[in-house]
Structure formats: C-alpha cells, structure tokens
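Letters go in sequence order (proteins before strands), and every chain restarts at 1.
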Number of protein chains: 2
Amino acid sequence: MDLKALAAHLNLSATTVSRALNGYSDVSAKTRQRVVEAAQALGYQPNPVARSLAMGRANAIGIVYPLEADDVADPRFLQVVSGLTEGLMEVNMDLLLASATHKGELDTYDRLVHGRRVDAFIVARTLCQDERIDYLQQAGVPFLAYGRSADCQAYPWFDFDNEAGSVLAVARLAGLGHRHIGYIHASLHYNFAHQRHAGFLRGMAEAGLPVASQWLLQAGLARRSGYQAMMGLLDQDQRPSAVIVDNNLAGVGAVRALLDRGIVMGRDISVIVYDGIPPDTLLTQHITSVVQPTQHRTGKHMATLMSRLLAGGHPLSELQMLCQPELQAGDSDGPAPG
Amino acid sequence: MDLKALAAHLNLSATTVSRALNGYSDVSAKTRQRVVEAAQALGYQPNPVARSLAMGRANAIGIVYPLEADDVADPRFLQVVSGLTEGLMEVNMDLLLASATHKGELDTYDRLVHGRRVDAFIVARTLCQDERIDYLQQAGVPFLAYGRSADCQAYPWFDFDNEAGSVLAVARLAGLGHRHIGYIHASLHYNFAHQRHAGFLRGMAEAGLPVASQWLLQAGLARRSGYQAMMGLLDQDQRPSAVIVDNNLAGVGAVRALLDRGIVMGRDISVIVYDGIPPDTLLTQHITSVVQPTQHRTGKHMATLMSRLLAGGHPLSELQMLCQPELQAGDSDGPAPG
DNA sequence: CTTACTTACCAAAGCGTTTTGGGTTATCAT
DNA sequence: ATGATAACCCAAAACGCTTTGGTAAGTAAG
C-alpha cells in the first residue's frame with residue numbers, strides 16, 4: 001500500500017494525500033479527515049526510505065559505542081539507549097548503533113556522516129579534552145554530547161550537575177561533624193570525574209575544611225581499584241572519618257574492603273557513593289548516595305534535545321540541559337566520632 | 001559528490017559508473033579501474049538511502065531489546081551487539097536498535113517491518129515457547145534467533161550447545177568421584193536454562209548417577225536468588241558434594257553464600273559455574289567453568305549468518321550454527337570426599 | 001462585472017541510486 | 001563482404017515520497 005495506491009483509492013492526487021497526512025494547510029478539513037481515515041483503515045505507512053531520500057534527511061541518529069579492550073560494557077549505557085530509542089520513536093527517528101575501538105572512532109563518524117546515514121550523533125563518555133567533539137564541531141556535523149567537555153559553551157549537551165552533587169555530599173558529611181573526609185575518584189580525564197572532583201574541593205572549601213592530599217585517591221572504574229583505594233586509605237596512620245566515592249563501580253569495591261576489615265559503615269566510618277550500590281550485591285545496608293535521574297529519563301531528555309537540534313532554530317540555551325542530582329539518605333553515614 | 005557528478009567528471013554515463021562500482025561484468029577492466037580510482041580520489045560514497053530505495057532493501061537489520069521492569073540490562077548483550085555491528089559493517093549493513101517492553105514488542109516488530117526500515121530481525125533472549133518467533137515466522141519476516149526455541153527446525157538461529165556443556169560439567173565432577181551433585185538453574189522458560197537442565201539430566205544418566213530432586217533448585221537470574229538457592233542447599237540434612245550453577249549471575253550469589261558459611265570451594269565442596277564469575281568480584285579462586293566463545297565472536301558469527309540469510313539461496317543448514325562450549329578448569333572443584 | 005485574493009487541489013520535477021532493454025563498435029568465422 | 005557474436009556502453013524508467021509552481025473555482029472588494 002503506497003501513496004499512489006491510497007490516492008487512487010480516494011480519487012485524489014498523491015500530492016494532496018501527502019499534504020493531508022503531513023498537516024499542510026492547503027487541504028480542506030473534510031478531505032484531510034477522509035484521507036486520514038482511509039490511511040488508517042488500509043494500514044498505510046509511508047516508506048521511510050523514500051521519505052528520507054525526498055527530504056534529504058536520514059531520520060536517524062547515530063551513536064557509536066566505544067569498546068575498549070577490557071573495559072567491561074556498562075549496563076547503564078544500554079538503559080540510556082533504551083530511553084533514547086523510546087523518545088526518538090515518538091519523533092519518528094531511528095537509532096543507529098555503531099561500535100568502534102577508540103582509535104577507529106573518528107573513522108566511523110566519517111563514514112556515517114559522509115554516507116548520510118544519520119542526521120546527527122550522540123557522543124557518549126565524554127572526556128575533558130575530547131577530540132571527537134573537536135572533530136564533529138569542525139566538520140559541521142550536528143551532535144549532542146552526553147556529558148560536557150572542558151569547553152562546552154558552543155555545542156549542545158546533556159549533563160548532570162556533577163559539581164553540585166559533590167557539594168551536596170560534602171555538606172551532608174560536614175553537617176554530621178566530619179572534618180576529615182577522604183575522596184576516591186576515577187581518572188580526571190573523564191569529565192564527570194573532573195566535575196565531581198572540583199565539586200568536592202569546592203564543598204570542602206565552603207565548609208571550611210582542609211583537603212588532605214593523602215586522602216585524595218585516584219581509582220579506576222572497576223571494583224578492584226575501588227577496593228585497593230579504600231584499603232590504601234585504611235592502611236594510613238591517620239584515617240579519614242568519612243569517604244566519598246565518585247562512581248559506584250569503585251564504590252562496590254570500597255564497600256567490600258570495609259566489610260573485609262570488619263569496619264561498620266555509619267558507625268566506624270561514613271560512606272557516600274555516587275549512584276549508590278547496585279541492589280544485587282547482597283549488601284544489607286543502604287548506602288547514602290548522590291543520585292541522578294534514571295537512565296531512562298535521561299534517554300528521553302536526550303531525545304528531546306535531539307529533536308530540537310534537528311528542527312533547528314533553537315537557541316543554544318535550549319539545547320543544553322543540566323540535571324540536578326539529589327542526595328538520598330541511607331544508613332552508611334552518621335555523626336563524626338568524638 | 002554524487003554518481004552523476006562522478007560520471008560527468010569521467011565522461012561516462014551514470015549507468016556505467018554504477019555498474020563499474022558494483023562489479024558488473026559488462027564494463028571493461030580499464031574503465032572500471034578508471035572509475036574506481038576517480039571514486040577513491042574524489043571521495044565518492046554512494047548515498048545509502050537512494051540505494052535502499054532503488055534496491056528495495058533497507059540494508060539494516062533490527063534488534064529489539066526487551067526491557068523488563070527491574071531486570072537489569074545485561075552487559076553481555078551490549079558486547080554481542082558490538083560484535084554484531086562490526087560484522088555487519090563489513091557487509092555494509094546497519095544495526096537499528098529499538099527497545100520495547102515485553103508486551104509492546106510485537107507492535108515494534110510490526111512497525112519496523114511494515115515501515116520497511118529493516119530487512120530482518122535478530123530475536124534475543126529466546127524462550128522455549130516464543131511468540132515473537134511464531135509471529136515473525138507466520139508474518140514471513142526474515143529473522144535470526146539468538147538461541148533456539150523448543151521447535152527450532154524451521155528457522156535460522158545461532159546458539160550454544162548448552163546441553164553438551166552440562167554433560168561436560170557433570171562428566172568432570174563424576175570423574176572426580178562425586179556422586180551427589182546439586183544443580184541450580186534459572187527459569188526453564190529460557191531456552192538456555194532448559195537445554196542446560198536437560199544436559200544435566202543426561203550427564204547424570206550417562207554417569208550412572210541418581211538425580212536427587214531436593215538438590216535440583218530453581219533460582220532466578222540474579223545474585224540474590226543464587227545466594228538463597230545455595231543457602232537452601234546447605235541447610236539440608238544431606239548436602240551434595242558438588243554443585244553446578246547454570247548462569248553466572250546466580251553463580252556469584254551461590255559463591256558468596258559459600259564464603260559466608262566458611263565453606264571452602266574445591267575442598268569442602270566442588271563448584272562449577274556456567275560462564276565463570278566476573279573477574280571484578282574480588283574473588284581469589286578460579287572457578288571451574290563451562291565457557292563459550294566470547295560475545296564478540298558470537299556477534300560476528302551472527303553477522304555472517306545474517307548476511308547469508310539476506311543473500312538468500314542458502315539451505316537452512318547453513319543458517320543454523322551451534323557453538324561448542326569448553327570446560328575451563330579452575331580450583332573450585334576437587335576430588336569427592338571419602 | 002471586472003479585479004484581486006483565497007481556498008483546494010494537482011501535474012510534474014526532483015531526491016540518488018539500480019535495472020531494464022536496447023544500441024554501437026569491434027571481432028570473427030563464413 | 002556478411003551476418004553472428006561479444007564486449008562495452010548508455011538513455012530512460014523505476015523506487016515512493018516531498019516540493020514547486022502552478023490552475024480552477026469560489027469569494028470579496030471596487
């Protein structure tokens with residue numbers, strides 16, 4: 001059932017049917033209704049390929065998932081993607097998933113852009129200095145960054161207010177009387193780690209607390225490294241009375257280290273972890289956490305930004321979105337000793 | 001740079017250029033070379049949308065990821081997907097990712113098929129009785145199942161020989177002198193669980209061992225349920241001397257239960273887990289496991305099957321692929337006591 | 001009753017490929 | 001020389017839609 005067939009069936013021209021379906025004003029209300037009903041009844045669905053060709057738009061956006069060697073795929077990514085597909089579906093767009101090793105990523109962009117397979121990209125896992133963003137900007141390809149890079153004035157992005165999250169966490173601990181606060185973070189090349197780190201420093205400053213460099217530990221994005229970092233912290237002569245961990249993978253390891261040492265969270269030491277601890281780790285305590293909107297909502301927000309971006313005519317301010325995190329109280333923190 | 005421009009630049013017709021590029025025999029070697037070189041030099045890339053329209057193919061395959069309420073997205077899925085995209089890239093196809101709740105899944109298929117957005121589907125997370133497969137078969141839509149359903153004669157699939165894997169595991173334990181073997185499995189609605197379960201029974205029969213129904217426990221696909229199942233096993237009057245767990249999520253929980261009880265794997269009890277235990281669980285032992293080809297290779301295999309499927313003309317036998325698992329020895333099993 | 005404007009419709013020209021169904025030269029045996 | 005066969009090449013149609021640039025009828029104003 002194509003346009004022409006539908007038009008013939010209605011004794012109308014293809015033009016009119018097309019315009020009726022696409023909401024043009026030069027078709028009478030009566031005719032439009034007739035067309036819409038017939039389309040419904042006959043199960044007409046426009047061929048998206050023909051549509052794309054005629055309109056010069058792919059009606060699809062691309063996302064390339066960077067696959068590093070042993071960097072285990074993170075489940076949240078998939079959840080964001082699912083929110084994204086759902087949101088895009090509403091504006092009749094598709095999501096094209098490509099994958100590429102880090103070094104091949106730019107080529108992949110090139111191929112997809114050049115081949116007009118997609119109208120825009122989503123750049124995930126943003127780094128502070130991100131060559132992908134530089135490339136896309138310079139190539140004039142529309143894109144939406146999931147996470148800001150260091151210089152984020154000039155392009156559309158979606159991000160969490162990571163800095164505010166850390167400030168929140170520090171304020172909570174300071175309010176409980178803690179003066180010795182440790183911080184375990186991921187590589188500062190990641191924008192989120194950088195921002196959270198900056199927030200930690202600011203929070204400490206605002207609370208009038210000194211930052212002890214020996215309690216500022218870098219870990220990776222893996223449990224093992226969180227475990228080691230926490231162990232390193234515990235082995236020091238002077239321990240902090242509270243610790244913040246900037247990602248939940250390392251958080252799991254850190255918590256595990258405390259369990260192994262028989263240190264009780266909330267009593268012996270206070271712990272706050274970004275994004276909490278996955279529920280199936282068999283942990284009985286509730287970790288006090290900095291939480292963000294669900295991945296699913298995140299995906300939908302990004303879909304909204306994306307459709308604005310492609311519609312054009314929106315000022316940059318409407319193409320940038322900052323989500324505020326919240327502090328979710330648990331029982332892994334408590335008043336400072338003494 | 002489109003075909004016509006390239007043709008003009010070469011003083012050839014668009015037809016000839018097209019045919020040269022697509023390997024038709026009615027163009028001279030000399031001309032072909034000239035065309036190929038010019039295309040290369042001028043960076044010509046055919047417009048895939050126009051191509052699709054002309055050929056009546058979308059050059060994309062769809063995969064819909066079922067998102068259940070609390071069923072956390074599994075990381076392996078993403079890895080399979082990445083292998084898939086890589087493999088598809090080589091045959092110039094794209095991967096369209098859609099997501100749907102279980103009940104909306106059929107509608108999603110309908111929309112994508114009807115809208116000719118994809119040429120075929122991949123059906124993931126196959127169940128023993130899978131209505132999606134029934135639907136696609138009956139609708140005449142080409143698809144490739146990732147995992148067989150109960151009746152798998154008539155359609156293309158990729159799967160592991162799950163039954164053989166269990167037989168392998170049982171044989172190993174039997175060889176170590178174990179006569180009392182427990183089995184923890186996921187819901188038998190999942191094809192993989194069903195097959196592994198069948199393999200367990202067969203393996204026991206072949207080893208001449210009795211199957212004790214109180215040691216045959218169903219758990220879910222989560223750590224907590226594996227934990228509970230193992231605890232249930234340990235609390236019985238008569239304990240098995242060895243246990244097989246049919247998936248690694250439950251496996252993590254089961255192992256954790258043993259740790260909590262102070263039971264030493266390989267000495268007090270032997271344990272074999274399908275797909276092993278993720279390396280970042282801070283476990284010092286190596287779990288003896290039934291392992292399968294990496295997700296990445298799996299994805300590439302599926303891409304191969306897919307391109308065969310769409311090329312047409314392949315007998316069903318070449319569209320079905322069964323991968324053999326292997327037993328990877330660790331130190332979580334040992335000779336039976338006594 | 002013109003003139004001008006509005007409303008409702010449509011024919012035809014794209015969009016960038018592939019495919020069909022010839023053509024035009026050479027080549028070659030007769 | 002002549003018809004047949006191959007080897008190359010091409011114009012035009014098709015794919016299913018959107019968009020452009022109209023036309024014809026109805027309406028309002030002069």
Side-chain angles (χ1 to χ4, degrees), chain A residues 1-36 38-39 42-60 92-94 112-119 310-311, chain B residues 1-36 38-39 42-60 92-94 112-119 310-311:
Chain A
M1 165 88 343
D2 60 351
L3 230 210
K4 228 184 300 183
L6 181 59
H9 178 263
L10 285 164
N11 277 328
L12 286 173
S13 73
T15 306
T16 303
V17 174
S18 169
R19 299 184 78 88
L21 257 18
N22 291 317
Y24 279 71
S25 63
D26 63 350
V27 33
S28 72
K30 192 177 301 182
T31 307
R32 164 166 296 126
Q33 191 186 345
R34 219 160 59 88
V35 170
V36 169
L42 301 182
Y44 167 75
Q45 283 204 263
N47 179 322
V49 175
R51 201 155 210 274
S52 289
L53 182 60
M55 305 203 302
R57 288 181 43 165
N59 287 313
N92 248 288
M93 303 204 68
D94 290 313
L112 292 179
V113 172
H114 216 106
R116 286 177 212 92
R117 283 175 143 89
V118 300
D119 299 317
L310 290 179
Chain B
M1 168 85 342
D2 60 350
L3 232 209
K4 230 183 297 183
L6 181 59
H9 177 263
L10 286 163
N11 276 330
L12 285 172
S13 74
T15 305
T16 303
V17 175
S18 170
R19 299 183 77 90
L21 256 19
N22 290 316
Y24 280 71
S25 62
D26 62 350
V27 32
S28 71
K30 192 178 300 181
T31 306
R32 165 166 294 127
Q33 191 185 347
R34 218 158 61 86
V35 170
V36 169
L42 300 182
Y44 167 75
Q45 284 204 262
N47 180 323
V49 175
R51 201 156 212 272
S52 288
L53 182 60
M55 306 202 303
R57 288 181 45 166
N59 287 315
N92 247 287
M93 303 204 69
D94 290 313
L112 293 180
V113 172
H114 217 107
R116 288 177 210 91
R117 284 175 143 90
V118 300
D119 299 318
L310 291 178

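A/Val27 approaches A/Ala20 most closely through the heavy-atom pair CG1-CA, 3.8 Å.
Not a single donor-acceptor pair under 3.5 Å links the side chain of A/Asp119 to the backbone N or O of A/Arg57. In this structure, A/Arg34 contributes its side chain and A/Leu10 its backbone to a donor-acceptor pair below 3.5 Å.
Going from atom CG of B/Leu12 over to atom CG of B/Leu6 covers 8.5 Å, rounded to the nearest 0.5 Å.
Here A/Ala54 pairs with nothing under the side chain to side chain contact (heavy atoms under 4.5 Å, CB included) rule; sequence neighbours left out. Here B/Val118 pairs with B/Leu96, B/Leu112, B/Phe121 under the side chain to side chain contact (heavy atoms under 4.5 Å, CB included) rule; sequence neighbours left out. Every residue was checked against the side-chain hydrogen bond (donor to acceptor under 3.5 Å, both in side chains) condition with A/Thr15, not counting sequence neighbours, and none meets it. Taking the salt bridge (Lys or Arg N to Asp or Glu O under 4.0 Å) definition, one finds that A/Arg117 meets it with B/Asp94, sequence neighbours left out. For B/Arg32, there are no salt bridge (Lys or Arg N to Asp or Glu O under 4.0 Å) partners at least two apart in sequence or on another chain.
For residues 2-11 of chain A, no residue pair satisfies the salt bridge (charged side-chain N to carboxylate O under 4.0 Å, His left out) rule, not counting sequence neighbours. Note on residues 6-23 of chain A: pairs passing salt bridge (charged side-chain N to carboxylate O under 4.0 Å, His left out), not counting sequence neighbours, are A/Arg19-A/Asp26. A side chain to side chain donor-acceptor pair (under 3.5 Å) check over residues 42-53 of chain B, counting only residues at least two apart or in different chains, returns the pairs B/Asn22-B/Arg51.
Taking atom NZ of A/Lys4 as the reference point, atom P of D/dC17 lies 9 Å away to the nearest angstrom. Separating the CG atom of B/Leu3 from the C1' atom of D/dC15 is a distance of 15 Å, rounded to the nearest angstrom. Counting to the nearest Å, the P atom of D/dG16 and the CZ atom of B/Arg117 are 16 Å from each other.
Once you apply a 4.0 Å limit to the heavy atoms of chain A, the touched nucleotides of DNA chain C run 5' to 3' over C/dA8 to C/dG16.
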Between the protein and nucleotides 9-11 of chain D, which nitrogen or oxygen pairs are less than 3.5 angstrom apart?
residue: D/dC9; atom: OP1; partner: B/Thr31; partner atom: OG1; Å: 2.9
residue: D/dC9; atom: OP2; partner: B/Ser28; partner atom: N; Å: 3.1
residue: D/dC9; atom: OP2; partner: B/Ser28; partner atom: OG; Å: 3.4
residue: D/dC9; atom: OP2; partner: B/Thr31; partner atom: OG1; Å: 3.0
residue: D/dC9; atom: N4; partner: B/Asp26; partner atom: OD2; Å: 3.0
residue: D/dC10; atom: OP2; partner: B/Ser13; partner atom: N; Å: 3.0
residue: D/dC10; atom: OP2; partner: B/Ser13; partner atom: OG; Å: 3.3
residue: D/dC10; atom: OP2; partner: B/Thr16; partner atom: OG1; Å: 2.8
residue: D/dA11; atom: N7; partner: B/Thr15; partner atom: OG1; Å: 3.3
residue: D/dA11; atom: N6; partner: B/Thr15; partner atom: OG1; Å: 2.7

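Two residues are said to be in side-chain contact when any heavy atoms from C-beta on lie closer than 4.5 Å; B/Leu3 and B/Ser18 meet this criterion.
With the nearest nucleotide of DNA chain D identified for both A/Ala54 and B/Ala29, B/Ala29 has the one nearer the 5' end.
Distances shorter than 4.0 Å separate none of the side-chain N or O atoms of B/Tyr24 from OP1 or OP2 on D/dC8.
Between the axis at the start and the axis at the end of the helix from C/dC1-D/dG30 to C/dT30-D/dA1 there is an angle of 60°, using five pairs per end and rounding to 10 degrees.
Across residues 42-53 of chain B, B/Leu53 each have a non-hydrogen atom less than 4.0 Å from an atom of DNA chain D (numbered order).
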